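Let me begin by presenting the structure, written as structure tokens, before commenting on it.
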Amino acid sequence: MLNIYQLKFGYKAKQHLFEKLDLELSAGHIYGLLGKNGAGKSSLLRMMCGLVFPKEGSVEAFAFNPMQRHPAFLQQVFFVPEEVELPNLKIKQFAKINGAFYPGFDREKFNLLLTEFELNIDSHIKDLSYGQQKKVSISFAIATNAKLLLLDEPTNGLDIPSKAQLRKILAGHINEDSCIVISTHQVRDLDNLIDSIIILENGAIILNENTERITEKLAFKVLQQETSSNVLYAEPSLAGQLSVLENTRNEASKLDIELLFNAAIENKPEILRIFNN
Amino acid sequence: MNNTFSFYRLKLLFQKDWAENKKLYLLALPGLLILITLVYRTQSNFKFDINWIKEIHNTSQWYINDLEYQNEKIFFGGWFLTSLVAIFIRWNKLLTRKSLIDFLLLPATSTEKFIFNWLWIFLIPFFIYVILFQIVDFLFISSYIEKIKEANIPQLVEKLKYFNISHFIQNGWYALGYLTIIFSALLLSPFIFKKYSILKGILIIPVFSYLLNLFSDKLLKYLYPFQHGVNGLYFSISIRLPQHIENEGFLQEYSLSENHKILIGLILFGTVPILIWLANWYKIKEKQI
């Protein structure tokens, strides 16, 4: 669905954010894009929808070059930035005038999503809180039936019940023709939703794997002592040492995205070795 | 799907803009009417002239001939202000990062987005302004004619003419062309400057005025190498004749022929705005954020 090949990009001439970055995204998946502050997550999302252009290399999304911002491409991709700004309209007017740009826009689906988010379509956007406006924006993005949905920190500004609603809605939206990329720091908000994880570090992708393969290769355990030689990363908690281990015994464990991220950052060579084998 | 231009998508851009800003536009209409009326009130001294002539009983033809009704100048000043307001409204929609992202990611081509902006800066405000100005002008002139009749100075009626847009364009096309260049340059501002684009955009006016003067000066010097001084904006050239050189005498001013004016006008006001518009279209196409 989306291929990035040998991407070189930077905001300054001599300082590159990405060097020879390769990435392939497939339809039917929800990708979690993780990285430290300034790792280039938002830039990568903006590159995918054509808001910034690579210096070298190529980006291709369903046979389009995003740089050209072709209307047929823009109708199939929707980017929800971290901070949304909606016009001073009623929600239904907003949907009417903006939905007309997207041939796949499903008004009934939009209404349904609003109901799930406990929003009234007749409400005026200016009367909504920031979190509610974000829900309108996300609902609209989903209702466009865009093939590629790019969400930058979608849970920022959402209350706890809304985060659960968002997970449910996104899980219901994904199908074999579409792909969702979520850039986030709040990994716990999207636990059980993301099925593939991309970790960006120093301009390179150090991990791009589906959760199944991750739990096949790594085990996430609470150890009383850091005794095992397989421990790749551990951090203390009240229950004991939250640990990431190489899964040499094929044990089943529940993926902890935050632990995985910390392990990938702290013990990059080992993580690369395990997944490149 | 049409890759370059679609009237349907252009219509959608207008529908969206109208829905989002109709309150502002509808408020701008009476605002514009008030502005034109105020400019008329402050700039037009015809009412004063009527009273003055009436008081001094000086209805001699030479005095009346000196009176000049200023509605074309008022029209020009008002149009300048209207276009500036239109540009500020458009800037407001493009200045923030979020609004620019929305604009760039709307499923429409750069050509459609450029044409949409262009129409909102040049054509639509101009037509609306012309209509409103004609209304104000009609009301003012009709009231002056009534006053003239009351004052019994029929000679003054000849001096009053309702504003005629085609007469204005025929006589003031170079002024329209000049402002078109300035406004075209202003339209570029949000796409060129990342920071302080309003301030930098405002600075464009004197910078472009200077560059325009320089360009027209060079153009005239190139086309008429014999002259001493030129004034490209008004298409006049000044020549220091040989007999004057000895005495370091004065400059003789000549105006270009109509054909030459049209030729230079086409080069100056035809090509420069088109080049700026092309740059604007390119910036919309290539803008990164």
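Just so it is clear, the model here is predicted, and its values are computed rather than measured. Below, chains carry the letters A, B, ... as their sequence lines are ordered, and counting in each starts from 1.
- Heavy-atom distances place the backbone of B:Ile284, and not its side chain, under 4.5 Å from chain A.
- Counting heavy atoms of neighbouring residues, nucleotides and ligands inside a 6.0 Å radius, atom NZ of A:Lys20 does not exceed 12 of them.
- Smallest separation of non-hydrogen atoms from B:Leu104 and A:Leu74: O-CD1, 3.9 Å.
- For B:Leu26, the CG atom is densely surrounded, since the number of other residues' heavy atoms within 6.0 Å is greater than 12.
- Side-chain contact check for B:Ser110 versus A:Arg69: every heavy-atom pair is 4.5 Å or farther apart.
- At a threshold of 4.5 Å between non-hydrogen side-chain atoms, the residues A:Phe101 and B:Leu13 count as touching.
- Contact of A:Gln93 with chain B is made through the side chain alone, with heavy-atom distances under 4.5 Å.
- Neither the backbone nor the side chain of A:Val77 comes within contact range of chain B; no heavy atom of the residue lies under 4.5 Å from a heavy atom of that chain.
- Of the possible donor and acceptor atoms, one in the side chain of B:Gln288 sits under 3.5 Å from a partner among the backbone N and O of A:Phe53.
- Residue-environment remark: NZ (A:Lys92) stays at or below the threshold of 12 foreign heavy atoms within 6.0 Å.
- Interface residue B:Lys22: only side-chain heavy atoms are found under 4.5 Å from chain A.
- Under a cut-off of 6.0 angstrom, the local environment of OH in A:Tyr5 is sparse, with at most 12 non-hydrogen atoms contributed by other residues, nucleotides or ligands.
- Enclosure of atom CZ in B:Phe138 is not indicated, since only 12 or fewer non-hydrogen atoms of other residues, nucleotides or ligands lie within 6.0 angstrom.
- Atom CG of residue A:Leu51 and atom CG of residue B:Leu105 lie 4.0 Å apart, to the nearest 0.5 angstrom.
- Only the backbone of B:Lys285 comes within less than 4.5 Å of a heavy atom in chain A; its side chain stays farther off.
- Rounded to the nearest 0.5 Å, atoms CD1 (A:Ile97) and NZ (B:Lys16) are 5.0 Å apart.
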Which pairs would a plain distance check flag for residues 116-133 of chain B, meaning a side-chain donor or acceptor within less than 3.5 Å of a matching protein atom at least two apart in sequence or in another chain?
unit_1	atom_1	unit_2	atom_2	d
B:Trp120	NE1	B:Asp17	OD2	3.0
B:Tyr129	OH	B:Phe75	O	2.7
B:Tyr129	OH	B:Trp79	N	3.1

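- For chain B, no part of A:Phe73 is nearby; none of its heavy atoms comes within less than 4.5 Å.
- Both the backbone and the side chain of B:Glu20 come within contact range of chain A, each with at least one heavy atom under 4.5 Å from a heavy atom of that chain.
- Between A:Pro71 and B:Pro107, the closest heavy-atom pair is O-CB, 3.8 Å.
- Options B:Leu106, B:Thr96, B:Asn21, B:Asp102 differ in how many heavy-atom pairs under 4.5 Å they form with chain A, and the most are formed by B:Leu106.
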